[in-house]
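For reference, the structure discussed in these notes is given below.
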Amino acid sequence: MRFRSLLMILLVISSCGIKDERSVQKEESIKQEFLQKGGEIVNLTQSELLKNVSNAMRTGGPGYAIDFCNMRAMHLKDSLSQRNNCEIRRIAIKYRNPIDMPQTKTEKDQLYQYHDALQKGDSIKPAVYLFDDRIEYYQPIIINKGTCLVCHGNPGTQITEETLEKIKAQYPNDLAIGFSMNDFRGAWKITFLK
């Protein structure tokens, strides 16, 4: 009788291990799927945004591009969010638009994790988090174009006085200046509802 009870306990324990292993494999498979899907959406969004900002810069210079970002960048993200059945956001520690301020503990933790890793010289890469009601994808934003510094660089050297005045007029509490090439700017966050 004891042997049979012991055997049953061992079978239950081993089947739990199999379920746990399957659960881990399924979770990893979902993460890989959303790493790819999130990356594709970010690439599309970033490409559209950069194309529109570049056109605005060519049309009217940095001041016109600041107006574009203030008035139309949100609409662009919203339309791409709707098209891809997700919510697309940019988040940053040093944000320009208060909408981009981190709002959840996961957002704050991810931004500081990216920031701290870069400070140590480590590489940073996209991350996926699975929650009961949603899946969150994060991809770091690194300043890798000199034109970004026209609005996000150092005042007086990369940002003209005229551009700085325009930034302050549109974003009185701006924190998004003082960046250099290859600095961590923030992250894209894509939320997929289950």
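Numbers here are sequence positions counted from 1.
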Is there a side-chain contact (heavy atoms from CB on, under 4.5 Å) between Q110 and T104? Walk through the geometry before answering. CA-CA 10 Å; Q110 188 62 51; T104 68; over 6 Å; no
side-chain contact (heavy atoms from CB on, under 4.5 Å), that's the test. Do R90 and I99 meet it? Break it down for me. CA-CA 9 Å; R90 282 183 301 181; I99 291 171; over 6 Å; no
Between Y64 and R58, is a side-chain contact (heavy atoms from CB on, under 4.5 Å) present by the stated rule, with each step listed? CA-CA 9 Å; Y64 187 75; R58 280 193 297 278; over 6 Å; no
Audit row: Y171, N97, side-chain contact (heavy atoms from CB on, under 4.5 Å) steps and yes/no: CA-CA 7 Å; Y171 305 98; N97 188 330; 3.9 Å; yes
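With rounding to the nearest 0.5 Å, the separation of CG in L35 from CD in E40 is 11.0 Å.
Between the side chain of D183 and the backbone N or O of R185, no donor-acceptor pair lies under 3.5 Å. Of the possible polar contacts, none joining the T163 side chain to the I159 backbone as a donor-acceptor pair under 3.5 Å is found. Distance alone, capped at 3.5 Å, places no donor-acceptor pair between the S29 side chain and the Q25 backbone.
Evaluation of the ring pair (Phe, Tyr, Trp, His ring centres under 6.0 Å) rule for F192 yields F34 as partners, not counting sequence neighbours. For L130, the side chain to side chain contact (heavy atoms under 4.5 Å, CB included) partners at least two apart in sequence or on another chain are E27, I30, K31, V128, I135. Every residue was checked against the side-chain hydrogen bond (donor to acceptor under 3.5 Å, both in side chains) condition with Q113, not counting sequence neighbours, and none meets it. Shown here are the side-chain hydrogen bond (donor to acceptor under 3.5 Å, both in side chains) partners of T45, two or more places apart in sequence or in another chain: there are none. Taking L175 as the reference, K94, Y95 meet the side chain to side chain contact (heavy atoms under 4.5 Å, CB included) condition, with sequence neighbours excluded. Taking the side chain to side chain contact (heavy atoms under 4.5 Å, CB included) definition, one finds that Q103 meets it with R89, E107, sequence neighbours left out. The ring pair (Phe, Tyr, Trp, His ring centres under 6.0 Å) test applied to Y129 returns Y138, not counting sequence neighbours. For E33, there are no side chain to side chain contact (heavy atoms under 4.5 Å, CB included) partners two or more places apart in sequence or in a different chain.
Counting heavy atoms from C-beta outward, F131 and E136 have side chains that approach closer than 4.5 Å. Residues I142 and F184 meet the side-chain proximity criterion, which asks for heavy atoms closer than 4.5 Å. Considering only heavy atoms from C-beta on, T191 stays 4.5 Å or farther from C86 through its side chain.
Within 6.0 Å of CD on Q46 lie more than 12 heavy atoms contributed by other residues, nucleotides or ligands. The number of heavy atoms from other shown groups lying within 6.0 Å of OH (Y112) does not exceed 12.
Transitive grouping of hydrophobic side chains (ILVMFWY, heavy atoms separated by less than 4.5 Å) brings I141 and V42 into a common cluster. Under a hydrophobic clustering in which Ile, Leu, Val, Met, Phe, Trp and Tyr are joined whenever their side-chain heavy atoms come within less than 4.5 Å, directly or via other members, L76 and W188 fall into the same cluster. Cluster annotation: M181 is not connected to Y114 through the hydrophobic network of ILVMFWY side chains, with a link wherever side-chain heavy atoms come within less than 4.5 Å.
Applying the salt bridge (Lys or Arg N to Asp or Glu O under 4.0 Å) test to residues at least two apart or on different chains, the pairs with a partner in residues 41-53 are E48-K51. Residue pairs meeting the salt bridge (Lys or Arg N to Asp or Glu O under 4.0 Å) criterion with at least one partner in residues 162-181, sequence neighbours excluded, are D67-K166, R96-D174. For residues 109-133, the set of pairs meeting the salt bridge (Lys or Arg N to Asp or Glu O under 4.0 Å) definition, not counting sequence neighbours, comprises K105-D109.
Closest approach of P172 and A169 over heavy atoms only: CD-O, 4.3 Å. A pairwise comparison of heavy atoms in P102 and K108 identifies CB-CG, 3.6 Å as the closest pair. Across all their heavy atoms, A117 and I124 have their closest contact at CB-CG2, 3.6 Å.
Side-chain N/O atoms of Q36 and Q32 include no donor and acceptor closer than 3.5 Å.
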Which atom pairs, donor and acceptor, lie under 3.5 Å between side-chain atoms of residues 143-155 and protein residues at least two apart or in another chain?
| residue | atom | partner | partner atom | Å |
| --- | --- | --- | --- | --- |
| H152 | ND1 | A176 | O | 2.8 |
| N154 | ND2 | Q158 | OE1 | 3.3 |

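Tested against L80 for a side-chain contact (heavy atoms from CB on, under 4.5 Å), the candidates I88, L49, I41 yield a single pass: I88.
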